[in-house]
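First the structure, in the form of structure tokens, and then the observations on it.
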Amino acid sequence: MLEAEGRDAGAFLQAQLMNDVSQLGVGDWQWNGWLSPKGRVIALTLLLRRGEQLYWLVLPDYPATRLADDLRRFQFRSKLSLRARDDLFLQPGEDQTGAETGHGALARIRLGGHPSRVLDISAVPPATGDRDSIASWRLADLAHGLPRLPESAVALHTPQMLGLDRLHAFSVKKGCYPGQEIVARTHFLGQAKRGLRRLVGNEPIAPGSGVLDAGHRIGDILCSASVGDRHEALAVLPLDLQATRLAGEQGQALTLTDFAHGMHR
């Protein structure tokens with residue numbers, strides 16, 4: 001997690017990130033991200049406003065220390081500090097009714113969705129969990145259309161190609177930010193030809209492997225997760241794709257399915 005704190009923290013994040021930070025009140029959160037000048041997603045983040053001058057950026061994949069170094073190049077005279085918070089930990093909330101949890105949550109984020117999920121930020125390291133619990137959480141992320149970006153996918157896709165409009169993760173109305181012109185042009189001119197699709201397989205699906213339609217490679221698996229005999233993945237595929245039955249390059253049967261609803265502020 002990355003912390004941004006200081007008099008200019010809000011204005012700095014507003015100028016650098018792709019969503020409208022000015023809309024956040026204290027205690028509010030939003031999906032957000034940082035783009036390349038070409039409008040490609042470098043890092044996805046869940047941005048939480050902790051105080052008048054304090055923000056936490058929860059980074060599912062991108063290293064916090066790396067993003068801090070990236071952003072400092074644009075800090076100039078802005079009055080804020082950027083630091084990785086390795087002393088804070090994420091874990092699923094134990095009680096979704098609003099009561100405090102046993103691990104002393106400093107902040108609780110209600111992700112919504114069906115079923116609703118809770119993410120706690122705590123100073124207490126999580127107990128060693130089983131792999132199925134971690135994979136189940138990731139499966140829910142994928143089902144709701146939250147893409148996970150491996151290093152190989154950094155700065156390759158626009159927000160529209162990753163379906164981030166579903167998560168209300170970017171703005172086309174606020175002022176300038178890196179990549180804003182390309183994001184706005186794609187939005188208003190409807191130029192996106194590929195987008196994020198959810199796939200269910202009969203076997204595990206490897207990230208980076210190909211998606212085939214009638215033997216022709218039409219895209220690649222972006223991320224995937226498996227629990228027991230449940231195997232899901234997200235892939236960037238043609239938006240005009242007609243087939244619902246596809247195949248993985250290892251021979252898996254893949255079926256297009258709809259996203260779950262509601263995992264946004």
Could you check whether any side-chain N or O of [X] sits under 3.5 Å from a backbone N or O of [Y], counting only pairs where one atom can act as donor and the other as acceptor?
X: D141; Y: R138; result: no
X: H144; Y: A140; result: yes
X: R73; Y: L71; result: no
X: S224; Y: I205; result: yes
X: D8; Y: K79; result: yes
X: Q180; Y: V172; result: no
X: K174; Y: N19; result: yes

I'd like to know if [Y] and [X] are part of one continuous hydrophobic network [Ile/Leu/Val/Met/Phe/Trp/Tyr, side-chain heavy atoms within less than 4.5 Å].
X: L142; Y: L90; result: yes
X: V236; Y: I221; result: no
X: V154; Y: F74; result: yes

Going from [atom1] on [X] to [atom2] on [Y], what distance comes out if it is rounded to the nearest 0.5 angstrom?
X: F259; Y: R166; atom1: CZ; atom2: CZ; result: 5.5 Å
X: D240; Y: K193; atom1: CG; atom2: NZ; result: 9.5 Å
X: T45; Y: M1; atom1: OG1; atom2: CE; result: 9.5 Å
X: W31; Y: L46; atom1: CH2; atom2: CG; result: 4.5 Å
X: T257; Y: L199; atom1: OG1; atom2: CG; result: 9.0 Å
X: F12; Y: R7; atom1: CZ; atom2: CZ; result: 14.0 Å

request  = Please assess R66 against E151 for the test salt bridge (Lys or Arg N to Asp or Glu O under 4.0 Å), listing each intermediate value before the final yes or no.
outcome  = CA-CA 12 Å; R66 183 174 167 188; E151 179 67 26; 2.9 Å; yes
Lys/Arg-Asp/Glu bridge criterion (N-O < 4.0 Å) met for [X], [Y]:
X: R148; Y: D61; result: yes
X: R49; Y: E5; result: no
X: D20; Y: K173; result: no

If only side-chain N and O atoms count, and only distance matters, is there a donor-acceptor pair under 3.5 Å linking [Y] with [X]?
X: R245; Y: T255; value: yes
X: Y62; Y: D70; value: yes
X: D165; Y: Q160; value: no
X: D120; Y: S122; value: no

request  = Step by step, work out the side-chain contact (heavy atoms from CB on, under 4.5 Å) result for V58 and L48.
outcome  = CA-CA 8 Å; V58 178; L48 171 67; 5.7 Å; no
message = Cation-pi check for W137 against R117: NZ or CZ below 6.0 Å from the six-membered ring centre and within 45 degrees of the axis, yes or no?
response =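 Checked: cation-pi criterion met.
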query = What pairs with E203 under side-chain hydrogen bond (donor to acceptor under 3.5 Å, both in side chains), at least two apart in sequence or on another chain?
reply =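 So E203 forms no side-chain hydrogen bond (donor to acceptor under 3.5 Å, both in side chains) with any residue.
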request  = Assess whether salt bridge (Lys or Arg N to Asp or Glu O under 4.0 Å) is satisfied between R72 and D69, documenting all intermediate values.
outcome  = CA-CA 5 Å; R72 286 191 190 105; D69 289 341; 2.8 Å; yes
